[in-house]
Protein chains: 4
Amino acid sequence: MPSPSPRWRRQKETRPADIVRAALDVFSEKGFAGARMEEIAARAGVSKGAPYLYFPTKEDLFAAVVRDVVQPNIDPMLQMAAAHNGALEPLFRAITEHLGHTVETTPLGRVVKLVISESQTFPEIARIWHDNVLDKALGTVAALIERAQQRGEVRPGDPRNHALTIVSPLLVGVIFQETFVPVGAKPFDLSALIKQHLDTVLPGLLLEKTTQ
Amino acid sequence: MPSPSPRWRRQKETRPADIVRAALDVFSEKGFAGARMEEIAARAGVSKGAPYLYFPTKEDLFAAVVRDVVQPNIDPMLQMAAAHNGALEPLFRAITEHLGHTVETTPLGRVVKLVISESQTFPEIARIWHDNVLDKALGTVAALIERAQQRGEVRPGDPRNHALTIVSPLLVGVIFQETFVPVGAKPFDLSALIKQHLDTVLPGLLLEKTTQ
Amino acid sequence: MPSPSPRWRRQKETRPADIVRAALDVFSEKGFAGARMEEIAARAGVSKGAPYLYFPTKEDLFAAVVRDVVQPNIDPMLQMAAAHNGALEPLFRAITEHLGHTVETTPLGRVVKLVISESQTFPEIARIWHDNVLDKALGTVAALIERAQQRGEVRPGDPRNHALTIVSPLLVGVIFQETFVPVGAKPFDLSALIKQHLDTVLPGLLLEKTTQ
Amino acid sequence: MPSPSPRWRRQKETRPADIVRAALDVFSEKGFAGARMEEIAARAGVSKGAPYLYFPTKEDLFAAVVRDVVQPNIDPMLQMAAAHNGALEPLFRAITEHLGHTVETTPLGRVVKLVISESQTFPEIARIWHDNVLDKALGTVAALIERAQQRGEVRPGDPRNHALTIVSPLLVGVIFQETFVPVGAKPFDLSALIKQHLDTVLPGLLLEKTTQ
DNA sequence: CATGAATGAGTCTTCATTCAT
DNA sequence: AATGAATGAAGACTCATTCAT
């Protein structure tokens, strides 16, 4: 018999990722408790035991699903924002538009929904998301705002609250999308929502000459 | 096979409410799948079988939990809003403040979280919430905005998007509260958040003499 | 308040019988395990607890159902047969026809079916039926046959076997009726079956001049 | 939550048969409702969950028990009978003797009893038995008799009734065996019963030179 | 006496996880 | 390494029976 073909080797190497992808699908559709490991395995095209070669427990697999979506999608944005120095308006527009785009083209939205849904069952995951995503994001934006306030470019007021003022409609849109659109709700056009929201809100948030 | 030591008082009147209350607690803490009927019964101070005297299945009990919080908390607000005719600003402030207060003094927030969390598992409940709560609420606010737009009192733009601009921070605050505060997040002061948000946003949303 | 009306007193006095009747119906339809005490009570038009005023347990009620049909239907027949002295043929015809008639006009057939069905679960009832009904009946007929054999009126052979030769089609007809007719089987005409069977069998069983 | 001490050998081939065998035993002893899946599993030497690998529900397992005994035991006999062309007497003797032997050496008798016992609970099984076993068997024998009647070899009369005349004692014997012998009844010698019965009955049933 | 709310033991069934092959 | 048969803990739900009213 010949040695394993490259094709087969390739499959072997992508297995964990295949499993994570399948797991995201099933977790999204059924929730953590409703997802059956056997179905995840089947959707990934592997045997029932295979997931356990890479993930000790169902919880670990869930954690991997949640973790794997953060690094590539969230971290770059945070770094971009943290490094920002110029005017706020274009940054806010860039960030929210990028976020909206990411939500529409990656599983980020489904994972956000998953994290919210299963936070009771997995406080650890809620904590990780809070520490690595939300708190960081809120903190970054709040810090930007605070600096701008000191420069007199942003309205006074709690910077964290201001941060929510900016990003909340996007978050609500995402949650609405994932929660109610599947049962027949009329979807929001996220891009249009973001644009209209910022057009409405930024004039009241940014003071005078701030609008570059 | 009979039981050896039953001891109970007849309480047909209050039992169902007791059970629903206990169920809300346990569902909130553990999620639907993680909640054990026996624990719900125990917390309600009744026997394992008692909940089944009033609710045929765990799902029905869950539905009752979700339903029981809507009628008294949501419907009055919607009616108030629908009947409104005068200036928008005081109405928006009244509604959001009332909502914020309701969230802080009733289980509404936990139920919202529950509905979002379990929407995959119970599309029926998601649908009911959408039809009876969200769509109605969004529709009511959007209708108010539309009328005001025709009177030239509100900025042009999609009324549903404007509605999200107004209420999103409150929703996000609630979800944040229920999802991340239990794992250590710094809570938002909902009242302050709402006030600051409206102070920031309303000037850009409302035209003419309404502004400020 | 007046004293209980006669009508109400009458009801009270027939209650146990009402309950037994309802129990027979439900046991017949659902089997012992499938019969719910609450349904029996409901069909008898009494409260859920009422049957327990007359029958300590479900088993006791079942025993009462089975017992109550024997006395009036079986015993007289056995006594008649035991007291018989004349020619066998008319007796056999009389007994089987009477049995057939009883099966068609009383719950006897359903009880027979019930006893057979639940004999595993209630060996005690199987024993009672065996001792008080079957063994007595078989013994009585076998004794008649044996005496007739000694007079040279009946073919040689084991009298118990001869007894089965005579009554089996009736029993099989009853069981068939209760078991398979409800699922669509073509019913037997028990009277015709009995007559044809005896016409066929008796000439071979009874010797020469026996045929009165 | 995992199991701490599993210890098993792979036996996919024989497992289902083992389980069906154990199930037949337990169903026979306790009836359908009284049989516990765990006991069936234990008797088959497998874990509590193993039966569900092969049979989705207790009912399906019951159906398998009933089904598995028909094919090998009943169908060959029916085909033999249907193909028959010669004299009736040897065929009837062969069939009944073969049936008697089958009942004594296979679980057929217990299954017949089971089908009768549980027919209320499982009308579907009663129907299957009726359609595939009883109606076929009765039909086959009745058809044989009818043809013989046209040749003047069998007494006039409804052929189905005649069929009962022939096989009833065997059926009653089987039911008696399964129902009352366990509680102390004196068993019948089925072979002797059949022989004596046919010796008594056939002369009256068959005409012409067949008669003794 | 009669009622029916309440009890709780008992059982089917699911599914994450293990490990012989 | 990979497979999938096997395990067994866990939980929803039923219903005979009790007894406060």
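Sequence lines set the chain letters: A, B, ... in the order given, protein chains first and strands last, and positions in each chain run from 1. Just so you know, these numbers come straight off a predicted model, no measurement behind them.
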Figure out the [atom1]/[atom2] separation between [X] and [N], and round it to whole Å.
X	N	atom1	atom2	value
Phe62(B)	dC13(F)	CZ	C1'	19 Å
Lys58(A)	dT18(E)	NZ	P	14 Å
Asp60(A)	dA16(E)	CG	P	14 Å
Leu53(A)	dG4(F)	CG	P	13 Å
Tyr52(A)	dT17(E)	OH	P	4 Å
Glu59(B)	dC13(F)	CD	P	8 Å

With Watson-Crick and G-U wobble geometry limited to distances under 3.5 Å, how should the secondary structure of DNA chain E be encoded in dot-bracket form, using | for bases paired to another strand and [ ] for crossing pairs? .||||||||||||||||||||

Non-neighbouring partners of Phe122(A) that pass ring-ring contact (aromatic ring centres under 6.0 Å, His included), sequence neighbours left out: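 Counting only residues at least two positions away or on another chain, Phe122(A) forms a ring-ring contact (aromatic ring centres under 6.0 Å, His included) with Phe32(A), Phe62(A).
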
List the residues meeting side-chain contact (heavy atoms from CB on, under 4.5 Å) with Ala17(D), not counting sequence neighbours, and say none if there are none. Arg21(D)

Can you sort out the partners of Ser119(A) under side-chain contact (heavy atoms from CB on, under 4.5 Å), two or more places apart, ordered by chain and number?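 For Ser119(A) the side-chain contact (heavy atoms from CB on, under 4.5 Å) partners, ignoring immediate neighbours, are Ala126(A), Lys113(B), Thr179(B).
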
Tell me which of Ala50(B) and Gly49(D) sits closer to the 5' end of DNA chain E, going by the nucleotide each one is nearest to. Ala50(B)

Answer with base, sugar-phosphate or nothing: what part of the nucleic acid does Val46(C) contact at a heavy-atom distance below 4.0 Å? nothing

Need one value for Lys48(B): base, sugar-phosphate or nothing, where a base atom within 4.0 Å counts as base even if backbone is also close, heavy atoms only.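 Base: the residue Lys48(B), judged by heavy atoms under 4.0 Å, touches a nucleobase.
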
For Val20(A) and Ala64(A), work out which heavy atoms get closest and say how close.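 Here Val20(A) and Ala64(A) meet closest at CG2-CB, 4.3 Å.
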
Who pairs with [X] by salt bridge (charged side-chain N to carboxylate O under 4.0 Å, His left out), at least two apart in sequence or on another chain?
X	answer
Glu38(C)	Arg36(C)
Glu124(D)	Arg127(D)
Asp25(A)	Arg110(A)

Would one find a side-chain N or O of Tyr54(A) under 4.0 angstrom from OP1 or OP2 of dA2(F)?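 For Tyr54(A), the contact criterion (side-chain N or O under 4.0 Å from OP1 or OP2 of dA2(F)) is met.
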
Looking at Arg15(A), I'd like to know whether one of its side-chain N or O atoms comes within less than 4.0 Å of OP1 or OP2 on dA1(F). no

Heavy-atom contacts under 4.0 Å between residues 32-44 of chain A and DNA chain F, which residues? none

With sequence neighbours excluded, what pairs up with Glu39(D) under the side-chain hydrogen bond (donor to acceptor under 3.5 Å, both in side chains) test? Lys30(D), Arg43(D)

Is there a side-chain contact between Val111(B) and Val70(B), using heavy atoms and a 4.5 Å cut-off?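 Side chain of Val111(B) against side chain of Val70(B), heavy atoms only: no contact under 4.5 Å found.
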
